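Single-structure report; data block below.
Ligands are counted one by one from 1 in listed order, and the atoms in each one are counted from 1 as well. For clarity, every value in this text was computed on a predicted model and none was experimentally measured. Both backbone and side-chain heavy atoms feed into the values below; hydrogens, waters and symmetry mates do not.
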Amino acid sequence: MAATACVLGIETSCDETGIAIYHTEHGLLAHALHTQAAMHAEYGGVVPELASRDHIRRVVPLARQVLAEAGMAASELDAIAYTQGPGLAGALLVGASFAQGLAISLNKPLIGVHHLEGHLLSPLLCERPPAFPFVALLVSGGHSQLMRVAGLGRYELLGESLDDAAGEAFDKTAKLLGLGYPGGPAVAALAAEGRPDVVRLPRPMLDSGDFDMSFSGLKTAVVTAVAKLPEGDAADARQARADLARAFEDAVADVLVAKSLAAVAHCGAQRLVVAGGVGANRRLRARLGAEAERRGVEVYFPELQFCTDNGAMIALAGALRVSAARSDASGMAVRPRWPLSELAPVA
Ligand code: KG4
Ligand code: ZN
């Protein structure tokens with residue numbers, strides 16, 4: 001039986017300060033998030049220096065808040081986990097320094113978590129979590145990847161975007177359409193007013209026969225389509241922009257749905273997990289849900305609040321790793337099937 005662990009997780013890789021406490025038996029005990037979106041909006045994107053400074057302001061009050069919510073003293077935690085990367089160096093350093101200070105003062109272990117592992121495992125925060133193994137579609141601002149997930153730390157990359165990530169394409173399309181930052185929710189809101197199949201955009205690499213993706217050609221097609229849009233703010237101009245947003249959203253969803261289900265079939269998997277900010281897109285969720293059901297595949301989405309960056313996924317990943325390490329240390333464990341490639345690097 002796995003040992004229990006209760007871990008405080010700290011996420012500061014980009015523009016969200018997220019802190020949470022996860023217990024391997026009792027689940028998520030508390031979580032808090034401060035998003036900097038409004039602060040960066042006037043610059044049209046994340047300003048790294050402003051992000052770091054804001055994390056400094058938020059991290060201590062948010063940590064106090066989650067401890068109070070969980071009704072715990074810091075000394076009752078088993079370990080402190082923080083996002084070690086990838087992300088903005090200055091922003092990461094804020095979370096790392098705070099986590100290290102806390103771990104030293106409490107004399108508890110410190111665990112650096114890979115941000116994408118946090119996203120990958122975030123569907124385990126669901127009330128009805130998926131069992132391993134599963135295929136994961138990881139679609140965030142910087143990454144679009146399909147992974148085969150055999151267990152904790154056992155991840156095989158099946159395919160990925162060769163250029164822009166899906167989230168990046170949403171953000172760039174938002175800019176081209178004169179919408180705010182972050183782009184994904186803004187494009188999705190405009191697309192909700194758009195009509196399907198009025199504008200036709202390409203589905204890059206749809207038939208490439210592998211699990212790689214490309215979204216920069218789609219962005220170029222949006223540039224061309226934007227140049228042809230009627231000017232002004234009249235009803236017809238707004239409708240034309242909404243139709244284009246809808247066409248873009250449909251094109252991205254088509255590619256992600258087709259590639260994900262092909263990967264599931266290739267692996268002979270029964271479960272598909274969707275994670276990362278673009279996983280919050282309602283049209284993608286609906287399309288994937290319907291197509292997976294048609295094929296008898298179970299699909300799992302994190303709650304909307306755990307799709308985008310958050311502390312809960314970092315606390316969860318940290319707690320699972322502490323629990324696994326304790327289970328290993330507390331009893332004899334053998335691994336008859338143990339690929340050398342699964343050894344964790346030491347440095
Ligand atoms: O996972 P995430 O919060 O941060 C990274 O690790 O990158 O993902 C952020 C990305 C952004 O590109 C944002 O525009 C996109 O997720 N996003 C969405 C939606 N909500 C966030 N894209 C499409 N539809 C949404 N509803
Ligand atoms: Zn992320």
Side-chain angles (χ1 to χ4, degrees), residues 9-18 20 33-37 40-41 44-46 48 51 55 82-88 91-92 95 113-123 125 136-145 147 160-161 163-177 179-192 194 215-216 218-219 222 245-257 273-288 301-317:
I10 300 163
E11 155 64 33
T12 63
S13 68
C14 190
D15 58 347
E16 252 107 28
T17 320
L33 185 84
H34 174 77
T35 176
Q36 305 174 353
H40 297 294
V46 178
H55 286 307
Y82 68 98
T83 303
Q84 191 166 19
L88 301 171
L92 288 166
V113 171
H114 195 293
H115 180 77
L116 296 181
E117 179 176 52
H119 276 305
L120 263 192
L121 298 176
S122 61
L125 293 163
L137 170 67
L138 179 58
V139 270
S140 68
H143 296 83
S144 299
Q145 297 182 330
M147 314 275 300
E160 63 185 333
S161 171
D163 39 56
D164 293 359
E168 200 175 343
F170 264 98
D171 293 334
K172 287 179 176 168
T173 295
K175 258 194 189 152
L176 289 167
L177 287 170
L179 303 172
Y181 165 86
V187 171
L190 183 59
F215 293 106
S216 79
L218 179 58
K219 179 196 62 196
V222 173
R246 173 68 192 263
F248 169 79
E249 198 179 42
D250 282 339
V252 174
D254 271 357
V255 173
L256 294 178
V257 169
V273 149
V274 183
V278 182
N281 186 273
R282 289 180 194 278
R283 197 172 308 281
L284 174 66
R285 291 166 88 99
R287 295 274 307 282
L288 260 181
F301 301 99
E303 271 179 54
L304 289 178
Q305 60 175 339
F306 300 134
C307 281
T308 44
D309 290 347
N310 63 86
M313 66 186 194
I314 304 303
L316 166 77

Sub-4.0 Å heavy-atom contact, H115 with ligand 1: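 Contact present.
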Any heavy atom of C14 sitting closer than 4.0 Å to ligand 1? no
Stepwise side chain to side chain donor-acceptor pair (under 3.5 Å) test for T17 and H34: CA-CA 5 Å; T17 320; H34 174 77; 6.0 Å; no
Quick check for you: to the nearest 0.5 Å, what is the distance between [X] atom [atom1] and [Y] atom [atom2]?
| X | Y | atom1 | atom2 | value |
| --- | --- | --- | --- | --- |
| T173 | F248 | OG1 | CZ | 3.5 Å |
| L137 | L288 | CG | CG | 6.5 Å |
| D309 | S140 | CG | OG | 7.5 Å |

Short N/O distance, under 3.5 Å, between [X] and ligand 1?
| X | value |
| --- | --- |
| N281 | yes |
| F170 | no |
| T308 | no |
| G184 | yes |
| G167 | yes |
| G277 | yes |

Distance filter under 4.0 Å to [X] heavy atoms, resulting ligand 1 atoms:
| X | answer |
| --- | --- |
| P185 | 19 (C), 20 (N), 21 (C), 25 (C) |
| H119 | 1 (O), 6 (O) |
| G142 | 7 (O) |

Can you tell me if N281 and E249 form a side-chain donor-acceptor pair at under 3.5 Å?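 Yes, E249 and N281 have a side-chain donor paired with an acceptor closer than 3.5 Å.
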Do H115 and Q84 meet the criterion of a side-chain donor-acceptor pair at a distance under 3.5 Å? no
Metal proximity, H115 vs the Zn ion (ligand 2), N/O/S cut-off 2.8 Å: yes
Exercise: identify the closest heavy-atom pair between V257 and L284: CG2-CD1, 4.2 Å
Shortest non-hydrogen separation from A317 to E117 and the atoms involved: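 Smallest interatomic distance, heavy atoms only, reads CB-OE1, 4.3 Å.
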Could you tell me whether D163 and K219 have a side-chain N and a carboxylate O separated by less than 4.0 Å?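 A salt bridge is absent here (no side-chain N lies under 4.0 Å from a carboxylate O).
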So that I can tick it off, tell me whether R246 and D250 are bridged by a salt bridge, with the cut-off set at under 4.0 angstrom between side-chain N and carboxylate O. yes
Which heavy atom of the protein is the closest neighbour of atom 2 (P) of ligand 1, given with residue, atom name and distance?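 I find the closest protein heavy atom is D309 OD1, 3.5 Å.
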Minimum distance, heavy atoms only, to atom 13 (C) of ligand 1: which one of D171, T35, L138 is it? D171
Nearest non-hydrogen atom to atom 9 (C) of ligand 1 belongs to which of G141, G276, A37, G183? G141
For the Zn ion (ligand 2), give me the closest N/O/S atom belonging to D309, just the atom name. OD1
